[in-house]
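For reference, the structure is listed below as structure tokens.
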Amino acid sequence: MNKQIINDTIDQYSSRFKEISLYIGANPELGNEEFLASKRLKEELIYHGFEVEAPVLGLDTAFIGTYASSKPGPKVALLCEYDALPEIGHACGHHLICMMGLGAAVGLKSVIDTIGGSIKVFGTPAEETKGAKVPMAAAGLFDDCDIAMLTHPYYAFEKSGKSLAIDAVQFEFFGKSSHAAATPHEGINALDAVIQTFNGINAFRQQVKSTVRIHGVINHGGEAANIIPDYASAQFYVRAATRKELDVLTKRVIQIAEGSALQTGCTLKTSNYETSYDEMYTNETLSDVFSSNLVELGIDEKEIVTGDDHGSMDMGNVSLRVPAIHPYIKIINEQHALHSIEFRDLAMKEQALDAMILGAKALAGTAYDVISQPDLLASIQDEFRRNA
């Protein structure tokens, strides 16, 4: 009966949720610049009786919406993302993610005064670059939560799985300019140092695990062919299965760049140009509950697949502090990749919006099961402690 109330409540407000999603989708904003999206989401939470704290940790577009019942019980964290990608907008469907989280919170609120517990909605900016979940997790903002959940749009129903830990490393080489034809012997070529770094990393790839990913670009290579570059830089993503492995790997990559600087006579400056993310650990007990709720909502169990990792995400940092899941909801029939124009356009269609409502119901139903079944929560927490 309570789940029916949850679903009916989400249906009652579905037109509002869809309108907000379309508004955010049509007004894409980059990470930490999501002022329109953040404002609209905060207004909606206040409309539904949530107390809203903003900004959070000095992040202007971050927020926390809270509703606590008068009865003791578990605290559920529902996470919202709403940043877009450069040039191609909401091609990762974050305009759907935020409304699945918010919609689930509104649905759960309709019964939480009866079953007990509390709801926290985290507005987490800049997932694509400088993910706010990282400082939020480090500050302990999730530590008093019993579970944390986020659902991502995709072209399939996919169980929550793994992600890779990532470091974003920039190498800047400083040399000495000179005329490349008349006085090349007076120059120190910073671009040579960048090229040597790429060559060294390419050779190093032969001695790494299959889960390791190292990929980069030259973001500055010089000004003209007849001038020896006195400045050149490159940016790399370095990824591994765990933070422990990645720390060793990143150190090795930095050593390669240091060797290139030494070989060419350049000086080197190393920095992180984006936030480092830890690996995602899925709580399988909680994941199974989410899948069961999808089945309850009419999804064939055979449609819910186990997938590969999807790169790196700041939800990983959350999952190391609290039992967490990051499953995927099918919003389109075509197999278009995330971060593509095709996915972006289809993510604004009615099918995607209906799937968003389904995702909100599945999240809310999962939270209801955890709150109303103490033995289930104990199993979730036991798994988390075993794998901590």
Side-chain angles (χ1 to χ4, degrees), residues 30-32 83 85-87 126-132 134-135 138 163-180 183-279 309 311-314 316-317 339:
L30 299 180
N32 292 321
D83 61 316
L85 293 156
E87 305 297 332
E127 187 275 335
E128 297 288 354
T129 51
K130 299 182 178 180
V134 175
S163 70
L164 300 174
I166 185 173
D167 286 331
V169 187
Q170 176 166 286
F171 299 122
E172 295 177 277
F173 294 93
F174 301 87
K176 181 182 177 182
S177 63
S178 184
H179 195 291
T183 54
H185 55 284
E186 295 181 4
I188 299 175
N189 196 318
L191 180 58
D192 281 348
V194 167
I195 293 171
Q196 286 286 77
T197 300
F198 272 88
N199 289 338
I201 289 173
N202 287 338
F204 177 54
R205 285 196 184 99
Q206 299 175 68
Q207 283 81 47
V208 300
K209 294 181 179 179
S210 61
T211 52
V212 166
R213 299 288 184 270
I214 310 172
H215 41 104
V217 296
I218 299 173
N219 57 325
H220 191 90
E223 303 299 338
N226 66 342
I227 303 173
I228 291 176
D230 64 350
Y231 173 80
S233 65
Q235 294 179 334
F236 289 89
Y237 284 130
V238 188
R239 308 181 198 244
T242 67
R243 169 54 53 187
K244 183 178 180 180
E245 291 181 15
L246 182 59
D247 286 343
V248 176
L249 185 71
T250 299
K251 181 179 180 180
R252 184 71 180 92
V253 169
I254 292 172
Q255 289 172 338
I256 291 170
E258 290 171 343
S260 298
L262 184 63
Q263 285 177 306
T264 56
C266 293
T267 57
L268 169 66
K269 178 183 176 182
T270 300
S271 60
N272 291 327
Y273 65 95
E274 290 178 1
T275 302
S276 294
Y277 296 170
D278 291 340
E279 70 273 17
D309 72 77
S312 307
M313 53 195 176
D314 59 353
N317 294 65
H339 294 204

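Using a distance-only test at 3.5 Å, with no hydrogens or angles considered, a donor-acceptor pair links the side chain of D83 to the main chain of E128. In this structure a side-chain-to-backbone donor-acceptor pair under 3.5 Å is present from Y277 to E127.
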query: Given the rule in the side-chain contact (heavy atoms from CB on, under 4.5 Å) test, do V169 and N272 qualify, once you have shown the distances and angles that lead to the verdict?
result: CA-CA 5 Å; V169 187; N272 291 327; 4.1 Å; yes
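Residue F171 holds its CZ atom at 11.0 Å from CD of Q235, rounded to the nearest 0.5 Å. Interatomic distance, S312 OG to E279 CD, rounded to the nearest 0.5 Å: 10.0 Å. Note that OG of S271 is 4.5 Å distant from CD of Q170, once rounded to the nearest 0.5 Å. Here OG of S177 is found 10.5 Å from CG of N189. Values are rounded to the nearest 0.5 Å. In this structure, SG in C266 is found 12.0 Å from OH in Y231, a value given to the nearest 0.5 Å. Atom-to-atom distance recorded for F173:CZ and T270:OG1 is 7.0 Å, nearest 0.5 angstrom.
With sequence neighbours left out, the side-chain contact (heavy atoms from CB on, under 4.5 Å) criterion links E274 to T129, A168, Y237. T183 pairs by the side-chain contact (heavy atoms from CB on, under 4.5 Å) definition with S178, H179, H185, E186, not counting sequence neighbours. For F198, the ring-ring contact (aromatic ring centres under 6.0 Å, His included) partners two or more places apart in sequence, or in a different chain, are F236.
Sorted by first then second residue, the salt bridge (Lys or Arg N to Asp or Glu O under 4.0 Å) pairs that include residues 208-225, not counting sequence neighbours, are K209-E245.
Residues D230 and A190 share a closest heavy-atom pair of C-CB, 3.8 Å. Nearest heavy-atom pair across P135 and G131 is CD-O, 3.3 Å. Of all heavy-atom pairs spanning G221 and A232, the tightest one is CA-CB, 4.4 Å. Closest of all the heavy-atom pairs between A180 and P184 is O-CB, 3.5 Å. The two residues P229 and L191 come nearest to each other via the heavy atoms CG-CB, 3.8 Å. When all heavy atoms are compared, the tightest approach of A241 to T211 is CB-OG1, 4.1 Å.
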Kindly list each side-chain donor-acceptor pair under 3.5 angstrom involving residues 255-263, sequence neighbours excluded, with atom names and distances?
residue, atom, partner, partner atom, Å
S260, OG, T197, N, 3.2
S260, OG, T197, OG1, 3.2
S260, OG, I256, O, 3.1
Q263, OE1, Q196, NE2, 3.1

Under 3.5 Å donor-acceptor pairs involving side-chain atoms of residues 246-254, not counting sequence neighbours:
residue, atom, partner, partner atom, Å
D247, OD1, R243, NH1, 3.1
T250, OG1, D167, OD2, 2.7
T250, OG1, L246, O, 3.1

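When the shell of 6.0 Å around CD of E87 is examined, it contains 12 or fewer heavy atoms from other residues, nucleotides or ligands.
Here the rule is side chain to side chain contact (heavy atoms under 4.5 Å, CB included) with R239, and of V212, D309, I166 only I166 fits it.
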